[in-house]
Amino acid sequence: MQAFDNWLKGATTFIAVDSENACVGFGGLEAHGRISSLFVSPEWMRKGVGAGVLGHLLEEAGSRAFSVVTTEASEFSRPLFEQHGFVVTEIEQTEFKGVKFARYAMQARLKHGFKSM
């Protein structure tokens, strides 16, 4: 749990909550312009939470005058990042707990005054 806590604290993390203040998603932006996390609770998927959190992260990146934002996306999250202007720069093969999978190194160039969709 400490590693997870450190991972979240290593970034500016934004949390999406429901009407009862329960966390339904979160995303983190590191100081050098890397989106380190984007998570949506399964029951809230396909309801705009991920797009909202990602849009907020990109607005924050724009306010910090980043010209490029990077991330590593899963096959599942890749389309959401592409909808927000990210392009694949490299396909990485990785392994987690014995399961091999591809993830996508992606980047987006930000324009001055970025506003989320």
Side-chain angles (χ1 to χ4, degrees):
M1 199 54 130
Q2 185 64 41
F4 182 74
D5 191 49
N6 290 340
W7 176 59
L8 287 180
K9 288 180 179 176
T12 300
T13 301
F14 298 99
I15 300 170
V17 297
D18 66 12
S19 61
E20 297 174 5
N21 276 341
C23 176
V24 298
F26 64 85
L29 179 67
E30 295 177 344
H32 58 277
R34 177 178 170 266
I35 294 176
S36 58
S37 63
L38 182 60
F39 171 80
V40 175
S41 185
E43 60 272 13
W44 284 88
M45 289 182 177
R46 307 269 185 230
K47 296 181 180 177
V49 174
V53 172
L54 180 54
H56 195 75
L57 291 168
L58 292 173
E59 285 181 12
E60 179 67 17
S63 75
R64 295 184 191 182
F66 291 135
S67 59
V68 175
V69 177
T70 63
T71 196
E72 294 81 33
S74 67
E75 185 71 40
F76 182 77
S77 64
R78 177 181 166 187
L80 176 62
F81 282 100
E82 289 175 330
Q83 289 170 6
H84 283 80
F86 282 77
V87 295
V88 174
T89 58
E90 183 180 350
I91 300 173
E92 305 168 339
Q93 299 299 321
T94 191
E95 186 174 328
F96 181 73
K97 294 186 178 183
V99 177
K100 294 181 182 181
F101 61 95
R103 69 178 181 187
Y104 301 87
M106 303 182 81
Q107 72 174 18
R109 296 207 176 276
L110 298 185
K111 297 176 184 145
H112 182 68
F114 177 85
K115 294 287 183 201
S116 67
M117 300 174 173

Provide the closest heavy-atom pair for A102 versus Q93 in the form atom of the first, atom of the second, distance. CB-NE2, 3.8 Å

Hey, any chance F76 and V24 share a hydrophobic cluster, counting ILVMFWY side chains that come within less than 4.5 Å of each other, even indirectly? yes

Distance (rounded to the nearest 0.5 Å) between H56 NE2 and I15 CD1: 11.0 Å

Does atom CZ (R64) have a neighbourhood of more than 12 heavy atoms from anything else shown, all under 6.0 Å? yes

Under 3.5 Å, is there a donor-acceptor pair between the side chain of T71 and the main chain of M106? no

Enumerate, atom names and distances included, each donor-acceptor pair closer than 3.5 Å involving a side-chain atom of residues 40-47, sequence neighbours excluded.
residue : atom : partner : partner atom : Å
S41     : OG   : E43     : OE1          : 3.2
S41     : OG   : E43     : OE2          : 2.9
K47     : NZ   : E43     : O            : 3.1

Heavy-atom side-chain contact between S74 and F101 under 4.5 Å: no

I'd like to check the side-chain hydrogen bond (donor to acceptor under 3.5 Å, both in side chains) partners of E92; sequence neighbours left out, ordered by chain and number. R103

Can you name the closest pair of heavy atoms from G27 and V53 and give their distance? N-CG1, 3.5 Å

Going hydrophobic residue to hydrophobic residue with side-chain gaps under 4.5 angstrom, can you get from L38 over to V88? yes

Closest heavy-atom contact between L57 and I35? CD1-CG2, 3.9 Å

What is the minimum heavy-atom distance between A108 and G85, and which atoms define it? CB-O, 3.8 Å

Please answer: with hydrophobic residues joined when any side-chain heavy atoms are less than 4.5 Å apart, are V87 and Y104 in the same cluster? no

Heavy-atom pair of closest approach, residues F81 and A73: CD1-CB, 3.8 Å

Given the rule in the side chain to side chain contact (heavy atoms under 4.5 Å, CB included) test, do L80 and F86 qualify, once you have shown the distances and angles that lead to the verdict? CA-CA 9 Å; L80 176 62; F86 282 77; over 6 Å; no

Taking every non-hydrogen atom, the tightest pair across A61 and L110: CB-CD1, 3.6 Å

For residues V68 and L58: do they belong to one hydrophobic cluster (side chain heavy atoms under 4.5 Å, members Ile, Leu, Val, Met, Phe, Trp, Tyr)? no

Distance col, row S77:OG vs E82:CD, nearest 0.5 angstrom, shows 9.5 Å

How long is the gap from CD on Q107 to OG1 on T89, to the nearest 0.5 Å? 5.5 Å

Interatomic distance, NE2@H32 vs CD@E30, rounded to 0.5 Å, equals 4.5 Å

